[in-house]
Amino acid sequence: GRSVSMMGVAGVGVAPLERGRGLARSMMQRALLEMFDREVALSTLYAATVPLYRQCGYEHAGALFDLSVPMRALAARSPVAGGLRPPTPAQRPGRPSRSAPVDSRCAGSPRLGSQLLGEALIGDDAAAVGGAEALAERIYKAFVRQRPGSLDRGPYVWDRVRNHRKLPVLGHLLALSDQRPPVAYVRYALAPKPDGRHDIELQDYALTQPEGLDLIIDHLASQRSMAHNLRWQGGCDDPLLLALDDHRGQVELREHWML
């Protein structure tokens with residue numbers, strides 16, 4: 001659970017006319033010496049060419065996978081999430097439902113009381129944006145303390161997590177009941193398909209207790225009627241992948257990373 005300093009390496013390049021002279025190896029060796037001087041403990045990278053980085057001391061240490069699961073393989077984990085429940089006053093005709101997904105870029109403080117999946121939705125009050133995002137960050141920090149190799153996220157990484165390259169990102173804080181604080185969050189984008197349905201592209205999730213994973217699966221399973229597949233990237237030990245009751249999904253190697 002203790003953080004260790006790490007520096008990532010990206011964007012290493014040499015002009016075509018200057019290649020073959022050992023310039024990239026020299027740059028990497030000097031970069032490693034600079035990291036040593038700064039007392040950086042680890043360095044990681046995704047290699048465009050393995051031999052170069054092996055010459056500098058890097059070696060394969062893990063891999064990133066493309067994960068895909070048919071939405072029909074997602075089974076609701078609780079009777080309420082899988083069935084019908086009488087509408088609450090907040091959901092009766094004439095009043096807007098509080099269980100509608102919202103754009104996480106307009107995230108606000110959690111509003112407990114969603115009656116569909118037990119989630120506390122990230123709100124749309126701009127003045128409360130920091131409250132909900134700070135809560136999500138605390139959930140993430142508690143989650144990754146139990147998972148070696150996860151990043152301490154700074155503003156740049158959080159911005160990438162909260163925003164998709166092309167699609168709006170929906171964000172939800174999830175709670176076990178209306179009166180209890182959120183124990184998980186999930187962010188995802190809806191990628192349209194030609195038949196009018198969509199795939200769910202999972203951006204990020206975290207939880208502070210085991211029940212949080214059930215809440216995430218319940219929430220995603222509620223969208224089975226309009227979604228083909230759930231897609232995301234992760235390791236072969238991804239908690240969500242391992243928690244699914246039906247392993248009809250696909251795990252495809254995307255790329256190795258080196259340490």
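All residue numbers refer to positions in the sequence shown, counting from 1.
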Report task. Evaluate salt bridge (charged side-chain N to carboxylate O under 4.0 Å, His left out) for R30 paired with E34, printing each intermediate quantity in order. Result -> CA-CA 6 Å; R30 295 183 64 176; E34 183 177 339; over 6 Å; no

Report task. Decide, yes or no, whether a salt bridge links E137 with R153 under the criterion of side-chain N to carboxylate O below 4.0 Å. Result -> no

Query - K193/D199 ion pair, N-O < 4.0 Å - result: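 A salt bridge is present here (some side-chain N lies under 4.0 Å from a carboxylate O).
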
**Report entry** Intermediate values then yes/no, side-chain contact (heavy atoms from CB on, under 4.5 Å), V183 and I139
**Finding:** CA-CA 7 Å; V183 297; I139 293 173; over 6 Å; no

Do [X] and [Y] have side-chain heavy atoms sitting under 4.5 Å apart?
X: R162; Y: Q203; result: no
X: M71; Y: M226; result: no
X: P182; Y: L174; result: no
X: Y205; Y: L240; result: yes

Ignoring hydrogens and geometry, is there a side-chain-to-backbone donor-acceptor pair from [X] to [Y] under 3.5 Å?
X: H164; Y: K166; result: yes
X: S5; Y: A41; result: yes
X: R187; Y: G171; result: no
X: D238; Y: G234; result: no
X: R180; Y: S177; result: no

Do [X] and [Y] share a hydrophobic cluster (ILVMFWY, side-chain heavy atoms under 4.5 Å, transitive)?
X: L202; Y: L242; answer: no
X: V50; Y: V12; answer: yes
X: L33; Y: M28; answer: no
X: L32; Y: L52; answer: yes
X: L151; Y: F143; answer: yes

Are a donor atom and an acceptor atom from the side chains of [X] and [Y] found within less than 3.5 Å of each other?
X: Y188; Y: H219; value: yes
X: D204; Y: Y185; value: yes
X: T44; Y: Y58; value: no

For [X], does the [atom1] atom sit with more than 12 other heavy atoms under 6.0 Å from it, leaving out its own atoms?
X: Y46; atom1: OH; result: yes
X: D159; atom1: CG; result: yes
X: E39; atom1: CD; result: no
X: R147; atom1: CZ; result: yes

Closest heavy-atom contact between [X] and [Y]?
X: S68; Y: N229; result: OG-CB, 4.1 Å
X: P239; Y: L213; result: O-CD2, 3.7 Å
X: D152; Y: S3; result: OD2-OG, 2.6 Å
X: G235; Y: L67; result: O-CD1, 4.2 Å
X: L190; Y: Q223; result: CD2-OE1, 4.0 Å
X: P181; Y: A175; result: O-CB, 3.9 Å

Working to the nearest 0.5 angstrom, can you tell me the gap between [X] [atom1] and [Y] [atom2]?
X: L170; Y: E201; atom1: CG; atom2: CD; value: 11.5 Å
X: M35; Y: S43; atom1: CE; atom2: OG; value: 3.5 Å
X: K141; Y: T208; atom1: NZ; atom2: OG1; value: 14.5 Å
X: L259; Y: L45; atom1: CG; atom2: CG; value: 9.0 Å
X: T49; Y: R54; atom1: OG1; atom2: CZ; value: 10.0 Å
X: C236; Y: L64; atom1: SG; atom2: CG; value: 11.0 Å

Query raised in the report: Using the ring of each side chain (for Trp, its six-membered ring), is H256 parallel, tilted or perpendicular to H60, with breaks at 30° and 60°?
Result: tilted

Requested in this report: Determine, stepwise, if the pair Y140 / W158 fulfils ring-ring contact (aromatic ring centres under 6.0 Å, His included).
Outcome: CA-CA 11 Å; Y140 172 80; W158 274 114; 5.5 Å; yes

Query raised in the report: Is the ring centre of H228 less than 6.0 Å from the ring centre of H198?
Result: no

